[in-house]
Amino acid sequence: MTLEGVWAAYGSHVALQDVHLVVRRGEFVALVGDNGAGKSTLARLLVGLVRPSRGRVFVEGDDLRGQSVRAVCRRVAYLPQNPSALLFADTVRDELLVTLRNHGLRPERAPVAPDDLLRRLGLEAVVDMYPRDLSVGQRERVALGALLVTRPPVLVLDEPTRGLDWRQKEELVAMLKAWQAEGTTILFVTHDVELVALAADRVVVLEEGRVVADGPVRPLLGTLQPFAPQMARLFGHPELLTVEDVLAAVRPADEEVQRW
């Protein structure tokens, strides 16, 4: 995915200004920034829901000019901030089955087993319920499941972990990382910097519609205020982003003490 000198506006409000960004195949990139920084606009550009006023957008090498949203979404799965926009089936399970039918896939030949995916998302107890009767967090997970069940090659996820507890977040990250290892490209819009530290390889920061920082999660994320994770703030070290990082750093000293 590539943005070349992209500007985007809503009426007189300029949302993105001269954005240059390349997300290479198989990368897991986190997009962070304050509210109103332009994160969701950038995500919507990648599926054609917003058209640039200047510049060009490419997905897997193809210019999106002139392409319909339907055509783009065959290759790019997009989770918006409003999950209800994607829900229209009678039951939670049916949401996934409708997606499979639209892709010409039978449930037994699905790239991801629907029931296993619902279990990973913590939805096994509500599979027969009407999706719009669920909580906001549950609806978010149902919409996410309906997107992921086809194993799309490119994922653009706008705040996908709202309504997930930490165990469910870890399940989701493990699944996405496994897919990334097989070539899936992931752009992850989020305010959850602890999750960025756990999952992403690279972090891009937007501020007032411009890219102001772009680089590897370590050490960049640990140097960014106010986006540094709690561990980096607590220990004052940009490489210590997670509890696991801290434990790995102190373990050699513990082992040395034990030898004496």
(message) Would Thr223 and Leu220 count as a side chain to side chain contact (heavy atoms under 4.5 Å, CB included) here? Give the steps.
(response) CA-CA 5 Å; Thr223 67; Leu220 180 57; 3.9 Å; yes

(message) Check this for me: Arg119, atom CZ, are more than 12 non-hydrogen atoms of other residues, nucleotides or ligands nearer than 6.0 Å?
(response)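 Atom CZ in Arg119 is packed in, count exceeds 12.
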
Min side-chain heavy-atom separation [X]-[Y] under 4.5 Å:
X	Y	value
Arg24	Arg202	yes
Leu46	Val154	no
Trp166	Leu198	yes
Glu60	Arg25	yes
Leu144	Leu172	yes
Val142	Leu121	no
Val57	Thr2	no
Phe28	Thr185	no

Taking all non-hydrogen atoms of both residues into account, name the closest pair between [X] and [Y] and its distance.
X	Y	result
Ala43	Val189	CB-CG2, 4.2 Å
Val19	Gly209	CG2-O, 3.4 Å
Ala110	Pro114	CB-CD, 4.1 Å
Pro216	Val203	O-CG1, 4.4 Å
Leu100	Pro111	CD2-CD, 4.4 Å
Gly55	Pro52	O-CG, 3.8 Å

Hey, what do you get for [atom1] ([X]) to [atom2] ([Y]), rounding to the nearest 0.5 Å?
X	Y	atom1	atom2	value
Thr99	Leu105	OG1	CG	10.0 Å
Leu117	Arg151	CG	CZ	11.0 Å
Leu3	His20	CG	NE2	9.5 Å
Thr190	Leu157	OG1	CG	10.0 Å
Gln138	Asp133	CD	CG	10.5 Å
Met1	Leu42	CE	CG	9.0 Å

Pairing of [X] and [Y] as salt bridge, 4.0 angstrom limit:
X	Y	value
Asp115	Arg93	yes
Glu159	Lys39	no
Lys169	Glu194	no
Asp201	Lys177	yes

Single-linkage hydrophobic cluster, 4.5 Å side-chain cutoff, [X] and [Y] together:
X	Y	value
Trp179	Leu96	yes
Leu148	Val173	yes
Val156	Phe188	no
Leu87	Tyr78	no
Leu155	Val29	no

Closer than 3.5 angstrom, by distance alone: can the side chain of [X] be matched with the main-chain N or O of [Y] as a donor-acceptor pair?
X	Y	answer
Arg51	Leu64	yes
Thr184	Pro153	no
Glu95	Thr91	no
Asp165	Gln168	yes
Asp192	Leu195	yes

(message) Side chains of Asp158 and Ser40: any donor to acceptor distance under 3.5 Å?
(response) yes

(message) Could you tell me if Asn35 and His191 have a donor-acceptor pair between their side chains, going purely by distance under 3.5 Å?
(response)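 Their side chains do contain a donor-acceptor pair, which is all the 3.5 Å distance test asks for.
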
(message) Under the criterion salt bridge (Lys or Arg N to Asp or Glu O under 4.0 Å), I'd like the reasoning laid out for Arg54 against Asp18: C-alpha separation, chi angles, the key distance, then a yes or no.
(response) CA-CA 8 Å; Arg54 277 187 272 171; Asp18 195 27; over 6 Å; no

(request) Please test Leu21 against Val6 for side chain to side chain contact (heavy atoms under 4.5 Å, CB included), starting from the C-alpha separation and ending with a verdict. (result) CA-CA 9 Å; Leu21 179 66; Val6 167; over 6 Å; no

(request) List the steps, then state whether side chain to side chain contact (heavy atoms under 4.5 Å, CB included) holds for Leu206 with Val212. (result) CA-CA 6 Å; Leu206 281 182; Val212 296; over 6 Å; no

(request) Start with the C-alpha gap between His103 and Thr150, add the side-chain angles, then the distance that decides, and say whether side chain to side chain contact (heavy atoms under 4.5 Å, CB included) holds. (result) CA-CA 8 Å; His103 285 77; Thr150 60; 3.7 Å; yes

Show the atom names and distances, to 0.1 Å, of all donor-acceptor pairs under 3.5 Å that link a side chain in residues 10-17 to residues at least two apart or in another chain.
| residue | atom | partner | partner atom | Å |
| --- | --- | --- | --- | --- |
| Tyr10 | OH | Thr41 | OG1 | 2.8 |
| Gln17 | OE1 | Arg210 | NH2 | 2.9 |
| Gln17 | NE2 | Glu208 | O | 3.0 |

